[in-house]
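We name chains A, B, ... by the order of the sequence lines, and we start the count at 1 in each one. Here the structure is a predicted model, which is why all the values come from computation and not from measurement.
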2 protein chains.
Amino acid sequence: MTTAQRPTLEAVAARAGVSRATVSRVVNGSTTVAEPIREAVTRAVAELGYVPNLAARSLVTQRTDSIALVMPEAATRVFSDDQVFPGIIRGVSQELEAADKQLVLMLAGSPAGHHRVERYTTGRHVDGVLFASLHGADPLPGTLARLGIPVVVSGRPLGDVPVPYVDVDHVAGVTAAVRHMIDSGRRRIATIAGPQDMVAGIERLSGYRSTVADAGLPELIAIGDFTRESGSAAMRRLLAEHPDLDGVFAASDLMAHAALRTLREAGRRVPDDVAVVGFDDIETAAYTEPPLTTVRQPIVELGRRMTRQLLRLAAGESIEQAVMLPTELIRRASA
Amino acid sequence: MTTAQRPTLEAVAARAGVSRATVSRVVNGSTTVAEPIREAVTRAVAELGYVPNLAARSLVTQRTDSIALVMPEAATRVFSDDQVFPGIIRGVSQELEAADKQLVLMLAGSPAGHHRVERYTTGRHVDGVLFASLHGADPLPGTLARLGIPVVVSGRPLGDVPVPYVDVDHVAGVTAAVRHMIDSGRRRIATIAGPQDMVAGIERLSGYRSTVADAGLPELIAIGDFTRESGSAAMRRLLAEHPDLDGVFAASDLMAHAALRTLREAGRRVPDDVAVVGFDDIETAAYTEPPLTTVRQPIVELGRRMTRQLLRLAAGESIEQAVMLPTELIRRASA
DNA sequence: TTGTATGCGTTATCAT
DNA sequence: ATGATAACGCATACAA
């Protein structure tokens, strides 16, 4: 490896016939530099192909200009075709790009991974930390916040940790979904709920319960974990226990997709016999058979908002403890 | 922000009653440290919650212990429910975690983004660079390689840049797919090809052409860009131009999925009237109507192999210029 | 407006 | 086996 020595401030300074300090000023856009000198320096920078050494810079500025996005899911689940995580990544990188910061991605599925994230983030190797989703009451966000490290979480954190978060309005979305089925005459509406150690799972279930309760309808519940597999199993259970059901609200499109198939295999027609509504509005939802009515959540926007909040926090501003994003019922053919 | 001063080597040294050098040795696992001293230092580290400052370390070691994964796609396409990119990310992070390195994710869809990536990577802010997919003949990988920066690309690079790459055996996969249809009696087999500025698109098309040619069958071609939308449009075109087609090989599952729907809308039964085979084996493939026969490519493994190659390269080893991963025909109901 | 001098927290070299 | 001490490349307070 003939790793050509990369030029330093020193080299540029020599070439331009000025001091290191002046070059540094030009590179960092200081206004107090005479035009001819600025030009000379700029030329020297270009000729030498100078690029600042970030390590050196961050050593003195105490900033790293990078932020971590932590995905505490098991690596195998983070990237199923559930589009939640990819969507968040996309939103985060858009906003980070605008701010000229780097995205350090950390999957923390295993305990070892979690520990690694803890070491890395508490070690202040990043200017801030974004959590993409929390399982149970993870103490890490709170720990970081207490250390004075900027943190923003997606989804209201379980337990009462005073960590700022951005979330979508699950309850409003679910309410709209269930109401829609009630309005079209369904009376035996079941739900395939999400995991009850995640806010999204908890809130979507509670939204369902209060809505059916308000309408004087019974609760028909089976728990899944947002995946297709769990959706199939849950649907089969519901069918066995409540053969007369005429509506299903699934807490994720993946589970709804599986429910669609399971219902068909059981000889039920959708939406004629059973109405089905999902949650997420993943791309596949428009291509299921029949196309899926579902609750859209602005997932890319979620990533963007989290990032904006974090950057403000890192800049020393104070921010709202909670930001809520709206959801929307997308009507297709399944309900 | 009461940013508690984080302890430095100096502080640990003072507490343990030794020199900075000794603490550094213990932290870095040097064997030349007496056991009692090592213990004292270890205790001091724990008590103070010391974590090394990576910037300072990398300033002297000339390593950053992080590698960049560049996705040169437009941000909007990188995370469609095409599982390719998420899969690669997953493979890369698994392997990186094992090597205790950080993943810096860079999307480079826009020209500005591309330039940003160039600056960042040529600036040696990472120990190596992985490219997740290339459009056309991107010069950046070659540039980096010439600068002595370790680079590994996914997919054979277009143009003849001598950059090491890992790819899946597109041709073998496509051949198996088309043969499968021929063997079951299809004689008018069309293809919905991928974009012709990407190797995956090019190779899958050429695999199709040679296979039908070998069988003395006609070429029926429409070009898409791997997305569902383009798949629908291409399928409609094929139907209009070749109403008698009895088989379709789509270069991506997303396009195959759209084709399935378009065929149904046109009143064709799959597989009775028309056989359909896709490529990728995304999770959705098992849930389409009918379930999709497709060519599975080991996408997570691709990410892992790329990473392993890169790490070897960064460690000064020399590596194979090309690594080819096998594909496999997964038979379901659509063909 | 520009230059000088200092320090950021490590690792590595060289003594001891 | 351990300790001084010199880099590493940069930003900035201060001096000019």
Self-check item: 4.5 Å side-chain heavy-atom contact, Val300(B) and Gln94(B)
Solution: yes
Practice problem: Quickly work out the Gln62(A) CD to dC10(D) P distance and round it to whole Å. | Solution: 17 Å
Quiz item: What is the distance, rounded to the nearest whole Å, between atom CZ of Arg20(A) and atom P of dT6(C)?
Solution: 12 Å
Quiz prompt | Check: Val166(A) and Ser154(A) side chains under 4.5 Å, non-hydrogen atoms | solution = no
Quiz item: Which part of the nucleic acid, if any, lies within reach of Leu9(B) when heavy atoms closer than 4.0 Å are counted: base, sugar-phosphate only, or nothing?
Solution: base
Quiz item: From the list dT11(C), dA11(D), dG9(D), which nucleotide is the closest neighbour of the side chain of Thr61(B)?
Solution: dT11(C)
Exercise. Indicate whether OP1 or OP2 belonging to dG9(C) is found under 4.0 Å from a side-chain N or O atom of Thr8(B).
Key: no
Practice problem: Measure from CZ on Arg25(B) to P on dT2(D) and round the result to the nearest Å. | Solution: 8 Å
Practice problem: Compare side-chain N and O positions of Ser19(B) against OP1 and OP2 of dT2(D) and report whether any pair is under 4.0 Å apart. | Solution: no
Exercise. Could you check which of dG3(D), dG9(D), dT11(C) has an atom nearest any side-chain atom of Ala21(B)?
Key: dG3(D)
Quiz item: With a 4.5 Å heavy-atom cut-off, do Met324(A) and Arg305(A) have their side chains touching?
Solution: no
Self-check item: For atom CZ of Arg63(A) and atom C1' of dT12(D), their distance in whole Å
Solution: 13 Å
Quiz item: If you round to the nearest 0.5 Å, how far is CG of Asp197(B) from CG of Asp138(B)?
Solution: 11.5 Å
Quiz item: In residues 27-52 of chain A, which residues come under 4.0 Å of DNA chain D by heavy atom?
Solution: Asn28(A), Tyr50(A), Pro52(A)
Quiz item: Given dT11(C), dC10(D), dG3(D), which nucleotide is nearest the side-chain atoms of Val60(B)?
Solution: dT11(C)
Quiz prompt | Rounded distance (Å) that lies between atom C1' of dG9(C) and atom CZ of Arg57(A) | solution = 18 Å
Self-check item: Side-chain ion pair, Arg312(B) and Glu320(B), N-O less than 4.0 Å
Solution: yes
Self-check item: Among dT2(D), dC10(D), dT2(C), the one nearest Thr22(B) by side-chain distance
Solution: dT2(D)
Quiz item: Under the salt bridge (Lys or Arg N to Asp or Glu O under 4.0 Å) rule, what pairs show up with a residue in residues 43-68 of chain B, not counting sequence neighbours?
Solution: Arg15(B)-Glu47(B), Arg63(B)-Asp65(B), Asp65(B)-Lys101(B)
Quiz item: Quick one: CG on Leu140(B) to NE2 on His114(B), what's the gap to the nearest 0.5 Å?
Solution: 5.0 Å
Quiz item: Leu59(B) has an atom CG; how far is it from atom P of dT11(C), in whole Å?
Solution: 11 Å
Exercise. Please state how far atom CG in Leu54(A) lies from atom P in dG9(D), giving the value in whole angstrom units.
Key: 13 Å
Self-check item: Atom pair distance, as rounded to whole Å: CG in Asn53(B) and C1' in dC10(D)
Solution: 14 Å
